[in-house]
Amino acid sequence: MTTGPTAPPGVIDLLGLLAYAELGSFFRLADDAGLAPSLRSKGQLAALAATEQAHYQALHDRLAELGVEPEEAMEPFVAPLDLWHERTEPQSWLESLVKTYVGDGIAGDFYRKVAELADEETRILVEGVMAETGRAEFVAETVRAALEEDPKLAGRLSLWARRLVGEALSQAQAVAVSRPELAMLLAGKAPGDGREAAEAADLGDLAAVSRMFASLTDRHAGRLKAMGLAE
């Protein structure tokens with residue numbers, strides 16, 4: 001029996017958002033494993049999917065420990081994350097891999113930056129969940145090999161990667177604006193009463209949030225380079 005949340009709403013929002021994202025990553029990687037062209041690729045992607053499921057379970061359990069119904073914490077983020085996936089539906093297996101690397105990479109940077117502003121236990125949990133598990137290396141190696149076979153793919157995949165970044169940042173900003181307590185966390189403010197929460201979306205906080213989102217693109221060039229793609 002729960003006795004009510006024992007963590008600030010912004011932290012609960014962060015964990016709920018990340019939990020639903022990890023659940024979605026599990027299903028997408030499992031689907032990619034089924035479509036993989038080789039047994040080696042199938043096995044590697046299946047292993048990555050299993051890791052995502054374990055991450056989801058860790059976040060689910062932590063929310064329960066904090067006195068929150070995990071599904072209720074995830075619910076506000078179902079629509080925006082589902083919309084992001086609808087807007088970035090891959091047209092090929094390679095596009096799906098690039099989406100996994102670029103989209104999840106940007107999201108991971110976002111979660112880690114937000115977690116830096118939360119309590120230590122939350123930060124440690126998020127850093128553990130977002131730790132690289134070999135996915136980046138697998139995707140980069142696979143895309144580079146595909147480009148060696150067909151260099152003409154580079155232009156299309158580079159454009160795809162840029163679109164993914166734009167859509168990811170747009171959806172992330174929409175989520176922050178719709179969740180005032182999360183916006184407060186993003187802006188580096190301590191949780192407060194309802195009035196302060198409502199004021200979290202004022203122009204000053206939105207400017208701070210926008211600057212934080214802009215910094216998420218810093219590692220994007222490195223991801224493109226790892227895959228053999230141009231900015």
Side-chain angles (χ1 to χ4, degrees), residues 13-37 41-42 44-60 63 70-114 126 129-130 132-133 135-136 138-140 142-143 146 153 156-179 182 186 209 213 216-217 219-220 223-224 227 229:
D13 273 350
L14 171 62
L15 297 178
L17 171 59
L18 183 50
Y20 187 66
E22 290 295 295
L23 185 61
S25 292
F26 161 73
F27 285 114
R28 285 185 290 108
L29 286 168
D31 287 343
D32 287 344
L35 297 172
S41 296
K42 289 179 185 294
Q44 288 179 306
L45 285 168
L48 292 172
T51 300
E52 295 297 88
Q53 198 283 329
H55 289 164
Y56 161 74
Q57 193 61 53
L59 292 160
H60 184 283
L63 284 164
E71 289 72 22
E72 290 183 8
M74 290 186 280
E75 184 61 35
F77 308 105
V78 172
L81 288 183
D82 285 357
L83 180 60
W84 139 255
H85 289 301
E86 289 174 10
R87 288 180 172 175
T88 57
E89 183 68 29
Q91 299 302 308
S92 69
W93 186 66
L94 277 176
E95 284 192 4
S96 185
L97 290 186
V98 172
K99 177 178 176 178
T100 293
Y101 189 22
V102 173
D104 289 0
I106 287 285
D109 294 343
F110 167 75
Y111 298 132
R112 280 186 289 266
K113 280 185 174 292
V114 179
V126 172
V129 166
M130 300 314 302
E132 284 293 348
T133 57
R135 173 168 46 189
F138 169 76
V139 173
T142 302
V143 173
L153 289 170
R156 178 164 62 91
L157 291 177
S158 294
L159 287 173
W160 173 240
R162 284 199 290 273
R163 178 185 168 192
L164 290 169
V165 173
E167 291 285 357
L169 294 179
S170 176
Q171 287 303 107
Q173 286 177 312
V175 167
V177 170
S178 68
R179 304 296 296 178
L182 183 58
L186 291 172
V209 170
F213 285 135
L216 296 182
T217 62
R219 298 177 63 184
H220 179 55
R223 293 190 181 99
L224 290 182
M227 292 186 290
L229 300 176

Enquirer: What side-chain donor-acceptor pairs closer than 3.5 Å can you find for residues 73-84, not counting sequence neighbours?
Expert:
unit_1 : atom_1 : unit_2 : atom_2 : d
Asp82  : OD1    : Tyr20  : OH     : 2.8
Asp82  : OD2    : Tyr20  : OH     : 3.4

Enquirer: With rounding to the nearest 0.5 angstrom, report the CG to OG distance, Leu35 to Ser92.
Expert: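 It comes to 10.5 Å.
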Enquirer: List the atom of Tyr56, the atom of Ala19, and the distance in Å for their closest heavy-atom pair.
Expert: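 Minimum heavy-atom contact is CD1-O, 3.3 Å.
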Enquirer: Enter the distance from Phe110:CZ to Leu18:CG here, rounded to the nearest 0.5 Å.
Expert: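 Between Phe110 CZ and Leu18 CG, I get 10.0 Å after rounding to 0.5 Å.
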Enquirer: If we only count heavy atoms from C-beta on, is the Glu95 to Glu89 side-chain gap below 4.5 Å?
Expert: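 Glu95 does not reach Glu89 side chain to side chain.
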Enquirer: For Gly34, does its backbone N or O pair with a side-chain atom of Lys42 as donor and acceptor, under 3.5 Å?
Expert: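 The answer is yes, because a donor-acceptor pair under 3.5 Å joins these two groups.
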Enquirer: Taking the side chain as C-beta and beyond, is there a heavy-atom pair between Leu157 and Met227 under 4.5 Å?
Expert: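 Answer no - side chains too far apart.
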Enquirer: Any donor-acceptor pair under 3.5 Å linking the side chain of Arg223 with the backbone of Gly105?
Expert: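 Such a contact is found between Arg223 side chain and Gly105 backbone.
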Enquirer: Taking the side chain as everything from C-beta on, heavy atoms only, tell me whether Thr142 gets closer than 4.5 Å to Trp93.
Expert: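 Counting from C-beta outward, Thr142 and Trp93 do come under 4.5 Å.
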Enquirer: If you round to the nearest 0.5 Å, how far is CG of Leu97 from CG of Leu45?
Expert: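 Reported value, rounded in 0.5 Å steps: 6.5 Å.
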Enquirer: Do the non-hydrogen side-chain atoms of Glu72 and Leu63 ever get within less than 4.5 Å of each other?
Expert: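 No, too far: nothing below the 4.5 Å cut-off.
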Enquirer: A side-chain contact here means heavy atoms from C-beta on lying under 4.5 Å apart; do Val102 and Trp160 qualify?
Expert: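 Result no, sub-4.5 Å side-chain heavy-atom pair not found.
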Enquirer: For Arg163, what residues pass the salt bridge (Lys or Arg N to Asp or Glu O under 4.0 Å) criterion, not counting sequence neighbours?
Expert: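 Here no residue qualifies.
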Enquirer: Can you confirm whether Glu167 sits close enough to His85 that some side-chain heavy atom of one is under 4.5 Å from a side-chain heavy atom of the other?
Expert: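 Answer no - side chains too far apart.
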Enquirer: Between Lys99 and Pro90 (side chain of the first, backbone of the second, donor and acceptor by atom type, cut-off under 3.5 Å), is there such a pair?
Expert: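 No, Lys99 side chain to Pro90 backbone: no donor-acceptor pair under 3.5 Å.
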Enquirer: Name the atoms and distances for all side-chain donor-acceptor pairs under 3.5 Å in residues 23-33, with sequence neighbours left out.
Expert:
unit_1 : atom_1 : unit_2 : atom_2 : d
Ser25  : OG     : Ala21  : O      : 3.1
Ser25  : OG     : Arg28  : NH2    : 3.1
Arg28  : NH2    : Asp104 : OD1    : 3.2
Asp32  : OD1    : Ser96  : OG     : 2.7
Asp32  : OD2    : Ser96  : OG     : 3.0

